[in-house]
Amino acid sequence: MIAAQAKLVYQLNKYYTERCQARKAAIAKTIREVCKVVSDVLKEVEVQEPRFISSLTEIDARYEGLEVVSPTEFEVVLYLNQMGVFNFVDDGSLPGCAVLKLSDGRKRSMSLWVEFITASGYLSARKIRSRFQTLVAQAVDKCSYRDVVKMIADTSEVRLRIRERYVVQITPAFKCTGIWPRSAAQWPLPHIPWPGPNRVAEVKAEGFNLLSKECYSLTGKQSSAESDAWVLQFAEAENRLLLGGCRSKCLSVLKTLRDRHLELPGQPLNNYHMKTLLLYECEKHPRETDWDEACLGDRLNGILLQLISCLQCRRCPHYFLPNLDLFQGKPHSALESAAKQTWRLAREILTNPKSLDKL
């Protein structure tokens, strides 16, 4: 048993060195190329409208606010200033979303974003995005990369196609630190020892982001109140939870397997599903020793089996917001074929670790 485990870990480490590192290097090169173009567009936006200041900065060879959706798709979060005069309200009526309401006694004119406040005093995510979209469209025509960058039409999101190969979504957002959403109040679960009180305090202090984008749970039934809502995002909190042990190596392997074998019609699976299931696996295996290098194979198998289960049940709850289903709106046939393909993959890795050489 131990010999089989060791063989799998050996093969996974080889896979990590050969496949995952190559993927990382290729993506890092793409990010540099994409960020040059995006920075140029945002510089042009800032000239027209100083309230939209580019927050895309490189720190230790990483770009702050950039998320890799897939090797050809990226999201850049543009942090806006001055949320101060608004109260953050999440009453659970819109899973995964919250609203920003003008604080009592505050005048609209005190806000930097005065013309985006609705009659009932909400700061409209949709109105801000619509203005930003107009500015980006103008900037694309003026910027020095105008020959290689195009705005993607037929969407309320700000999406750019670069060199006909890459898609970048630029999402206006507010950073919320020092508060924690009521809809995530059940975390951490009282009977689960991971991640421990100190890490919990760090994560809650890290806070979350409010993004202006179309929300999973609202597609198809956008009333005006709902389209004014902001989407909750916990990227920094999640990254902090995944520090230590073989967690980030495990995520790298999962992302690489997804890119190479689970990029399916209907796009049932993205890297965020992998990250979410890894967080649940951390709860199931709360001891740090469960995340030693020698356990990499066991953890990976556990996550692949959990993924199959979620695909078969057609439900994948968000880690911090369990009422939000990350499979909502995905075609059932796509989830079914992803379940079959994941099962083939898991069986192959488990029964014949050497197959990783070809995967």
Side-chain angles (χ1 to χ4, degrees), residues 1-28 68 70-71 188-189 191-196 199 238-264 268-313 316 319 335-359:
M1 183 64 198
I2 288 173
Q5 224 176 0
K7 191 189 286 184
L8 177 53
V9 170
Y10 168 78
Q11 288 294 146
L12 283 169
N13 278 320
K14 190 174 165 209
Y15 188 81
Y16 178 75
T17 310
E18 290 171 7
R19 298 267 200 277
C20 301
Q21 297 288 31
R23 173 188 180 274
K24 274 186 177 172
I27 288 176
V68 178
S70 80
L189 297 170
H191 57 282
I192 289 181
W194 185 83
R199 183 61 64 88
E238 291 155 357
N239 294 342
R240 193 170 278 264
L241 284 174
L242 294 177
L243 296 171
C246 65
R247 291 177 181 87
S248 68
K249 183 181 277 192
C250 191
L251 185 56
S252 257
V253 171
L254 286 163
K255 286 175 175 177
T256 308
L257 288 170
R258 191 218 71 90
D259 289 352
R260 296 170 71 90
H261 304 283
L262 296 166
E263 182 65 71
L264 303 167
L269 289 177
N270 58 38
N271 287 336
Y272 191 67
H273 295 118
M274 301 303 184
K275 193 183 196 184
T276 300
L277 291 172
L278 177 56
L279 287 163
Y280 282 121
E281 189 73 6
C282 291
E283 284 191 347
K284 283 185 206 152
H285 298 276
R287 295 195 307 267
E288 274 311 301
T289 49
D290 295 332
W291 294 90
D292 288 346
E293 285 286 323
C295 303
L296 180 60
D298 290 348
R299 297 296 77 84
L300 185 80
N301 282 326
I303 293 166
L304 290 175
L305 294 174
Q306 184 59 57
L307 174 58
I308 294 163
S309 167
C310 286
L311 287 162
Q312 287 173 335
C313 300
C316 179
Y319 178 67
L335 296 173
E336 236 159 83
S337 56
K340 286 179 184 150
Q341 179 67 355
T342 307
W343 173 243
R344 280 195 289 270
L345 207 53
R347 193 178 52 200
E348 188 83 14
I349 292 168
L350 197 54
T351 56
N352 175 21
K354 267 197 86 60
S355 66
L356 280 157
D357 287 340
K358 298 193 292 289
L359 289 176

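What's counted below: heavy atoms across the whole structure, side chains too, no hydrogens, waters or symmetry copies.
- Closest approach of Cys20 to Ser252, counting heavy atoms only: SG-O, 3.7 Å.
- Between atom CG of residue Leu269 and atom CG of residue Leu257 there is a gap of 12.0 Å, rounded to the nearest 0.5 Å.
- Here the side chains of Ile303 and Leu300 are not in contact, with every heavy-atom distance at 4.5 Å or above.
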Leu345 and Leu262: side-chain contact (heavy atoms from CB on, under 4.5 Å), yes or no, with the steps?
CA-CA 9 Å; Leu345 207 53; Leu262 296 166; 4.2 Å; yes

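- Remark: the backbone N or O of Cys250 is not paired with any side-chain donor or acceptor of Arg299 at under 3.5 angstrom.
- Judged as a salt bridge (charged side-chain N to carboxylate O under 4.0 Å, His left out), and not counting sequence neighbours, the contacts of Glu293 are Lys249.
- A donor-acceptor pair under 3.5 Å is formed between the side chain of Gln341 and the backbone N or O of His261.
- The two residues Gln312 and Ala339 come nearest to each other via the heavy atoms CG-CB, 4.1 Å.
- A side-chain donor-acceptor contact under 3.5 Å links Asn13 to the backbone of Val9.
- Note: Leu356 CG to Ile349 CD1 = 5.0 Å, rounded to the nearest 0.5 Å.
- In this structure the side chain of Leu307 never reaches within 4.5 angstrom of the side chain of Leu254, judged on heavy atoms.
- In summary, Lys14 and Asp357 engage in a salt bridge, as defined by a charged side-chain N under 4.0 Å from a carboxylate O.
- In terms of heavy atoms, Arg258 sits closest to Ser70 at NH2-CB, 3.7 Å.
- Considering all non-hydrogen atoms of both residues, Asp259 and Pro71 come closest at OD2-CG, 3.1 Å.
- Considering all non-hydrogen atoms of both residues, Leu243 and Arg199 come closest at O-NH1, 4.0 Å.
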Evaluate the criterion side-chain contact (heavy atoms from CB on, under 4.5 Å) for residue pair Leu350 and Leu304; output intermediate values, then yes/no.
CA-CA 11 Å; Leu350 197 54; Leu304 290 175; over 6 Å; no

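- Within 6.0 Å of CH2 in Trp194 there are more than 12 heavy atoms belonging to other residues, nucleotides or ligands.
- Under the rule for a salt bridge (charged side-chain N to carboxylate O under 4.0 Å, His left out), the partners of Glu288 that lie at least two apart in sequence or sit in another chain are Arg247.
- No donor-acceptor distance shorter than 3.5 angstrom exists from the side chain of Asp298 to the backbone of Cys295, with no hydrogens or angles considered.
- Atom CG of Leu251 sits about 12.5 Å away from atom CD of Glu281, to the nearest 0.5 Å.
- If you take OG1 on Thr256 and CD on Gln21, they are separated by 9.0 Å, rounding to the nearest 0.5 Å.
- Of all the heavy atoms in Pro286 and Asp290, the pair that sits closest is N-OD2, 3.7 Å.
- With hydrogens and angles ignored, the 3.5 Å screen pairs a side-chain donor or acceptor of Asn270 with a backbone N or O of His273.
- Residues Leu311 and Trp343 form no side-chain contact, since every pair of their non-hydrogen atoms from C-beta on lies 4.5 Å or further apart.
- Residues in residues 278-305 take part in these ring-ring contact (aromatic ring centres under 6.0 Å, His included) pairs, two or more places apart or across chains: Tyr280-Tyr319.
- Atom CD in Glu283 sits 4.0 Å away from atom CD1 in Ile192 (nearest 0.5 Å).
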Quick one: do Arg260 and Leu359 satisfy side-chain contact (heavy atoms from CB on, under 4.5 Å)? Show the steps, please.
CA-CA 8 Å; Arg260 296 170 71 90; Leu359 289 176; 5.8 Å; no

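- Within a 6.0 Å sphere centred on NZ of Lys284, other residues, nucleotides and ligands contribute more than 12 heavy atoms.
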Take Cys282 and Leu242 through the side-chain contact (heavy atoms from CB on, under 4.5 Å) test and state the conclusion after the steps.
CA-CA 8 Å; Cys282 291; Leu242 294 177; 4.1 Å; yes

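- Residue-environment remark: CZ (Arg287) stays at or below the threshold of 12 foreign heavy atoms within 6.0 Å.
- Distance check, rounded to the nearest 0.5 Å: OG of Ser355 to OH of Tyr15 gives 9.5 Å.
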